[in-house]
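Read the structure below first, then the notes.
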Protein chains: 2
Amino acid sequence: MTASKDSVPRQRDRAGTAAALVENAKALLAEQGFQALGINAIARRAGCDKQLIYRYFGGLEGLLDALGEDIAADVTRRLAPLDALGKPQSYAELMERLALGLLQALRDDRLMQRVMAWEIAEPSPLLTRLTLARSKALGMWMMQTRGNLTPPPEVDAPACNAILVAAVQHIVLAGAAAGQFSGLALRADDDWERLRKALKRTIRALYGA
Amino acid sequence: MTASKDSVPRQRDRAGTAAALVENAKALLAEQGFQALGINAIARRAGCDKQLIYRYFGGLEGLLDALGEDIAADVTRRLAPLDALGKPQSYAELMERLALGLLQALRDDRLMQRVMAWEIAEPSPLLTRLTLARSKALGMWMMQTRGNLTPPPEVDAPACNAILVAAVQHIVLAGAAAGQFSGLALRADDDWERLRKALKRTIRALYGA
DNA sequence: CTACCATGTCACTGACCGGTGACAATGGGT
DNA sequence: ACCCATTGTCACCGGTCAGTGACATGGTAG
């Protein structure tokens, strides 16, 4: 019952080995969570000696830094599909896309779920940096996509958006962990559809049709 | 640099020892999180031998069961202050009380934060049971307090409420972990006040004034 | 060919973990 | 006074962890 390895045997290829270590760390995190992310486990999975982690990354911390950059790059890549729909016509539509897009992207991304769970369970400077990078990427996307759309002046949009994003994140995490949240089943697709509808309604109620 | 102990030396007092074990497990969880909740650590903190955990609870699992009941009792106790304000006059007011009350209660309750982080990071039958108990307690409070207030028929209240509760929970957890969320600082009280306002607005927008 | 350095492997340490069996102390019932 | 179950303590086991020093291997520059 050993996890499958992502990397083929390399030979005297430092860059390749280092990349394999990062790759396997990533996979291990996605599959088993941050608890399993130890020096021994990563080296074992990558099929090389843990000594190399110390040599090439200066220890687990260094490897996690590299992993962090890798993940940060994933975030912006994940946001790209949202632009395929063209420019939104209203602030409400903008937020609707963001919220629903985030919901879908997060649901599909076990790795990101693990990272977010990690951030919550065991804060650390590295993790906090990752969170920062994520919300920054979200902010950038907002700025670019928003154009000159503005929310109604009487609402505190950053705060309201934080509520929306937090709800999406928490529900996805709780759903992945327990298959339900607050009495809502979150297994079949139509459970999620109900949620999407509620999200839309909330956004419309906040920002107008 | 050892954690302070909650319990004084006991002598041949099985019930007292067992209670001290539960109590110290609780404190340990609140202070250091679920990662630190091991047989050795609990026994050390309680000032007795780990063997007693096996004898009295059949192992860590059994102790955690007892801990779970303890925590479940806390939940309903935490909900009580919400009733001090008398009956709400509208469904919106009901949900406003629930959301803001939950926000405050969670912010003040490190233990509950730890439990929720645990649930998300490392799902297990016990933890899922705890979650169930919590949402059940919330539901009971709702039923009792609601009276015959009803949400507007066109909104999916359970789904919308799930969004509200999820947002509250996630923001509290993220705030405790990183001191901010989605670009909002969550340190000083006025940061939180902004959030409360946004929550109120969202609820009013959903359920009417 | 040789010497050297980068790469990779191995064996070991010390610490901590959960778990278990044997033993010591206490106090109540007879 | 004695017995004995209950309560509590201790020492030890096997396993895993992070971390380190020594060693094998292979490519390459001289």
Side-chain angles (χ1 to χ4, degrees), chain A residues 1-3 5-25 28-29 31-67 118 121-122 124-127, chain B residues 1-3 5-25 28-29 31-67 118 121-122 124-127:
Chain A
M1 217 319 273
T2 65
K5 296 170 187 174
D6 283 358
S7 57
V8 276
R10 288 140 275 106
Q11 22 161 344
R12 301 189 74 70
D13 172 8
R14 169 167 181 160
T17 302
L21 280 168
V22 172
E23 199 56 35
N24 280 281
L28 199 56
L29 175 57
E31 289 162 12
Q32 302 187 233
F34 64 94
Q35 314 250 35
L37 209 58
I39 291 271
N40 290 310
I42 295 173
R44 209 177 301 134
R45 193 185 203 281
C48 64
D49 198 275
K50 60 179 169 181
Q51 173 72 25
L52 301 183
I53 295 178
Y54 292 101
R55 247 186 240 158
Y56 297 158
F57 298 94
L60 183 57
E61 180 115 352
L63 198 160
L64 293 186
D65 282 341
L67 183 60
W118 194 0
E122 194 186 60
S124 75
L126 167 63
L127 273 304
Chain B
M1 206 349 261
T2 64
K5 295 169 187 175
D6 284 358
S7 56
V8 277
R10 287 140 276 106
Q11 22 163 347
R12 301 188 70 72
D13 172 7
R14 170 169 180 158
T17 302
L21 281 168
V22 172
E23 199 55 37
N24 280 281
L28 200 55
L29 175 58
E31 288 162 13
Q32 302 188 233
F34 64 94
Q35 313 250 34
L37 210 58
I39 291 271
N40 289 309
I42 296 172
R44 209 176 303 134
R45 192 183 204 283
C48 65
D49 198 274
K50 59 180 170 182
Q51 172 73 23
L52 300 184
I53 295 178
Y54 292 101
R55 248 185 236 160
Y56 298 156
F57 298 95
L60 183 57
E61 180 115 354
L63 197 158
L64 292 186
D65 282 341
L67 184 59
W118 193 1
E122 195 186 61
S124 77
L126 167 63
L127 272 305

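Just so we're on the same page: letters track the sequence lines, and every chain starts at 1. The model shown is predicted, which means the values in this text are computed figures rather than measured ones.
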Test item: Ile39(B) and Leu63(B) side chains (from C-beta on) under 4.5 Å apart, heavy atoms:
no
Taking side chain as C-beta onward, heavy atoms only, is Leu67(B) less than 4.5 Å from Leu126(B)?
no
Spacing between Leu63(A) atom CG and dA18(D) atom C1', to the nearest angstrom:
14 Å
Secondary structure of DNA chain C in dot-bracket form (Watson-Crick or G-U wobble, distances below 3.5 Å, | marking inter-strand pairs)
||||||||||||||||||||||||||||||
Using the test side chain to side chain contact (heavy atoms under 4.5 Å, CB included), find all partners of Arg12(A) that sit at least two apart in sequence or belong to another chain.
none
According to side chain to side chain donor-acceptor pair (under 3.5 Å), who are the partners of Asn40(B), at least two apart in sequence or on a separate chain?
Lys50(B)
Only counting residues at least two apart or in another chain, list the ones meeting salt bridge (Lys or Arg N to Asp or Glu O under 4.0 Å) with Asp13(A).
none
Got Leu29(A) and Trp118(A) here, is their nearest side-chain heavy-atom distance under 4.5 Å?
yes
In whole angstrom, what separates Ile53(B)'s CD1 from dG8(D)'s P?
13 Å
Strictly below 4.0 Å: does Asn40(A) bring a side-chain N or O up to OP1 or OP2 of dA18(D)?
yes
How close or far is atom P of dC17(D) from atom CD1 of Ile42(A), stated in whole angstroms?
11 Å
Non-hydrogen atoms of Glu122(B) and Gln35(A) that approach each other most closely
OE2-NE2, 2.9 Å
Is there a side-chain polar atom (N or O) of Thr17(B) under 4.0 Å from OP1 or OP2 of dG8(D)?
yes
So which heavy atom on Ala46(B) is nearest to which on Ala20(B), and how close?
CB-O, 4.2 Å
Sugar-phosphate atoms are those with a prime plus P, OP1 and OP2; base atoms are the rest. Using that split, label each nucleotide of nucleotides 20-26 of chain D B, S or - for protein heavy atoms under 4.0 Å, 5' to 3'.
BBB--BB
Mind checking whether Arg45(B) and Glu31(B) have side chains closer than 4.5 Å, heavy atoms only?
yes
Which residue, Leu21(A), Leu52(A), Asp65(A), forms the side chain to side chain contact (heavy atoms under 4.5 Å, CB included) with Phe57(A)?
Leu21(A)
Atom CG of Asp13(B) to atom P of dT9(D): distance rounded to whole Å?
13 Å
Outermost contacting nts on DNA chain C, any atom under 4.0 Å from chain B heavy atoms, listed 5' then 3', are dC17(C) to dG27(C)
Give me the atom names and distance for the closest heavy-atom approach of Thr17(B) to Cys48(B).
CG2-SG, 4.2 Å
By nearest nucleotide on DNA chain C, pick out whichever of Ala41(B) and Leu52(A) is the more 5' one.
Leu52(A)
